[in-house]
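Data first, discussion second: the structure below is written as structure tokens.
So you know, we letter chains A, B, ... as the sequences are listed, proteins then strands, and number each from 1. Just the heavy atoms: all of them, side chains too, but no hydrogens, waters or symmetry mates, feed the values below. Small disclaimer: the values here were computed from a predicted structure and weren't measured.
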Protein chains: 2
Amino acid sequence: MTIDKISLNRFSTIPLHKQLSNNIHDQITRGILKPGEILPSVIEMKSLTGVSSVVIRQAYEYLRRAGLVVTQQGKGTFVAESKQSFEFIQKLGSSFEEAKAKREKVTTTVIELKEVFEFNTNIKHKLKLSKNDHIIMITRLRSIRNIKMFFWTSYLPASICKPLLEEDFTKVSLYQVLEEKLNLKILRAERFVEVVKADFQKAEILNIPELEPLFFIESIAYTKDNLPVEYYQGWYDTNYTKFYFEIK
Amino acid sequence: MTIDKISLNRFSTIPLHKQLSNNIHDQITRGILKPGEILPSVIEMKSLTGVSSVVIRQAYEYLRRAGLVVTQQGKGTFVAESKQSFEFIQKLGSSFEEAKAKREKVTTTVIELKEVFEFNTNIKHKLKLSKNDHIIMITRLRSIRNIKMFFWTSYLPASICKPLLEEDFTKVSLYQVLEEKLNLKILRAERFVEVVKADFQKAEILNIPELEPLFFIESIAYTKDNLPVEYYQGWYDTNYTKFYFEIK
DNA sequence: CAGTGGTCTAGACCACTAG
DNA sequence: TAGTGGTCTAGACCACTGA
């Protein structure tokens, strides 16, 4: 146990759980507690500080949310490993190519690839389709070193994109197929970036806690004559993703 | 009280606090509970459900973090107003002009404007300055309808930017002054977008809870001959901000 | 098996809000 | 002053981990 003495002030206006989390926060950022090290168990901490277990849990919960510690049931609570080891920097704005993450192996999983007959009018509107048109839907997940970075769903008009159903998108890119096999060259795209909180399903897919922030990206890609050929929605783990772009 | 009956299953593997928050979550998204409406107080909810107050607090805490409810001490917990009423859409990538938020009045506050003598080597490095160079530092806060949207700090080399100390940046833009008074035209900029969690100070400034996600933007702006003239760091409330840009 | 975290209870006291 | 949320306690039981 390398943790420093913790002194709490019962007469302070600062709640005990906050005093405790601040204290541990300091010890982590100062390097007194090092990545991978185990924190005192709730019971140990109880005897170290004299406060009840609920308060200790509250402090640990705060540190978890701040990303400073990681808890494993039955094992303990540990100082988080710093994940500065790699970032996934995506280039926006100048090309459709994503910058490779420092020579790491990037893998793509196809979660779903299908034609749908009826669908959300919002999506049809973005693709300038009418009520009875069919849509091709592709959901993919991209990982690096087994860490799930982001997943996204592309929607394309079935009328001109049906051959996509035969492709293996673990190996080829969508834009490559569109250009080489369907003669649809993407000339322009509009994109929106915002932040949303992970609901249960998205948290499952990316293997993160519920309510963690995600980048939410929407894009509409156009070919010649301003014809929209792809609308996508993507969700990115904000712990690893950073966007880069250049202006003018 | 318009809340529907809440039934919890004591034998389920799903924790009671989760069952409760899921139930209320549903009632809010289905419109049974409407924005502005008050939720049962902890004591009322205790008699409605039979669970202890800690569990109810836990459920309410989850709903707060999800942005579905707002709690005011001494008053109660209320369904959050949907803030779709306005968004602040910033245009990236094609110009330095920010898109005006749907005709709302935008105000700028200058938090700090000063010359600093010694400073962070990281910032000097980005501005290609040497150890003894001075820096001009400007921190501004931008609000719409009294809602704090974002704040940012610009760093500029004092050697060429000293006259900035005399300007009133509540009324004029930095780039305007750089171009018109100092003959420094910005030709190019590099920008990074990531997400960080608000620490105590940033949460104070933007009037949001600690650990809420923020857009963190870094930018280096260059004039001719690739000379960096401004480095800035900005923090944006993700509840109201959305970035837009166009490609190719 | 012992040690860990996760869930839950019943009840106490305090701080804030509003009539 | 009554009602609200915020803090805290002591103790119980369960689920998971690893020796």
Side-chain angles (χ1 to χ4, degrees), chain A residues 1 3 6-24 33 36-65 68-80 200 203 209-211, chain B residues 1 3 6-24 33 36-65 68-80 200 203 209-211:
Chain A
M1 188 68 53
I3 195 167
I6 294 171
S7 55
L8 304 179
N9 177 2
R10 298 240 158 214
F11 304 104
S12 165
T13 57
I14 301 168
L16 292 172
H17 66 84
K18 193 70 192 153
Q19 290 185 48
L20 181 54
S21 62
N22 284 345
N23 189 307
I24 300 172
L33 286 167
E37 236 177 293
I38 191 167
L39 263 63
S41 74
V42 175
I43 293 180
E44 271 178 309
M45 189 56 96
K46 220 171 134 169
S47 68
L48 286 173
T49 60
V51 299
S52 78
S53 58
V54 176
V55 174
I56 294 161
R57 281 176 202 298
Q58 227 172 328
Y60 281 19
E61 166 68 14
Y62 173 90
L63 296 168
R64 262 194 295 281
R65 285 186 53 203
L68 291 169
V69 306
V70 171
T71 295
Q72 289 175 270
Q73 210 195 93
K75 295 181 75 175
T77 298
F78 305 83
V79 180
F200 178 76
E210 235 183 301
L211 297 188
Chain B
M1 189 67 54
I3 195 167
I6 294 171
S7 55
L8 304 180
N9 177 5
R10 297 239 159 213
F11 304 105
S12 164
T13 57
I14 301 169
L16 292 172
H17 65 84
K18 193 69 193 156
Q19 290 184 49
L20 181 54
S21 62
N22 284 346
N23 189 310
I24 299 172
L33 287 166
E37 238 177 291
I38 191 166
L39 263 64
S41 74
V42 174
I43 293 181
E44 272 178 307
M45 188 56 97
K46 218 171 134 170
S47 68
L48 285 174
T49 59
V51 299
S52 79
S53 58
V54 176
V55 174
I56 294 161
R57 282 176 200 297
Q58 226 171 328
Y60 282 19
E61 166 69 14
Y62 174 90
L63 296 168
R64 264 194 295 281
R65 284 186 53 203
L68 292 168
V69 306
V70 171
T71 294
Q72 289 175 272
Q73 210 194 92
K75 295 181 76 175
T77 298
F78 305 83
V79 180
F200 177 77
E210 236 182 301
L211 298 189

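- Helical stems of DNA chain C (runs of at least 3 Watson-Crick or G-U pairs, donor-acceptor distances under 3.5 Å) are listed by first residue: C:1-18 with D:1-18.
- Salt bridge annotation for A:Glu210-B:Arg65: absent, with no cationic side-chain nitrogen under 4.0 angstrom from a carboxylate oxygen.
- Between A:Thr77 atom OG1 and A:Glu37 atom CD the span is 13.5 Å, to the nearest 0.5 Å.
- In terms of heavy atoms, B:Ser53 sits closest to B:Val42 at CB-CG1, 3.6 Å.
- Taking both residues in full, the closest heavy atoms of A:Asn23 and A:Ser7 are given as ND2-N, 4.0 Å, listed atom of the first, atom of the second, then distance.
- Whole-Å rounding puts the B:Tyr60 OH to D:dG5 C1' distance at 11 Å.
- Between A:Pro40 and A:Tyr60, the closest heavy-atom pair is O-OH, 2.7 Å.
- Atom pair B:Met45:CE and D:dG5:P shows a separation of 10 Å (rounding to whole Å applied).
- Taking atom CG of B:Leu39 as the reference point, atom C1' of D:dT4 lies 13 Å away to the nearest angstrom.
- Judged by distance alone, the side chain of B:Ser12 and the main-chain N or O of B:Asn9 form no donor-acceptor pair under 3.5 Å.
- Nucleotide C:dG5 holds its P atom 8 Å from the CD1 atom of A:Ile43, rounded to whole Å.
- Between the P atom of C:dT4 and the CZ atom of A:Phe78 lies a distance of 10 Å, rounded to the nearest Å.
- Of all heavy-atom pairs spanning A:Ala80 and A:Val70, the tightest one is CB-CG2, 4.1 Å.
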task = Could you check B:Ile56 against B:Lys46 for side-chain contact (heavy atoms from CB on, under 4.5 Å), going step by step and ending with a plain yes or no?
result = CA-CA 7 Å; B:Ile56 294 161; B:Lys46 218 171 134 170; 4.1 Å; yes

task = Scan nucleotides 6-16 of chain C nucleotide by nucleotide, 5' to 3', and note B when protein non-hydrogen atoms come under 4.0 Å of the base, S if they reach only the sugar-phosphate, - if neither.
result = BBSBB----BB

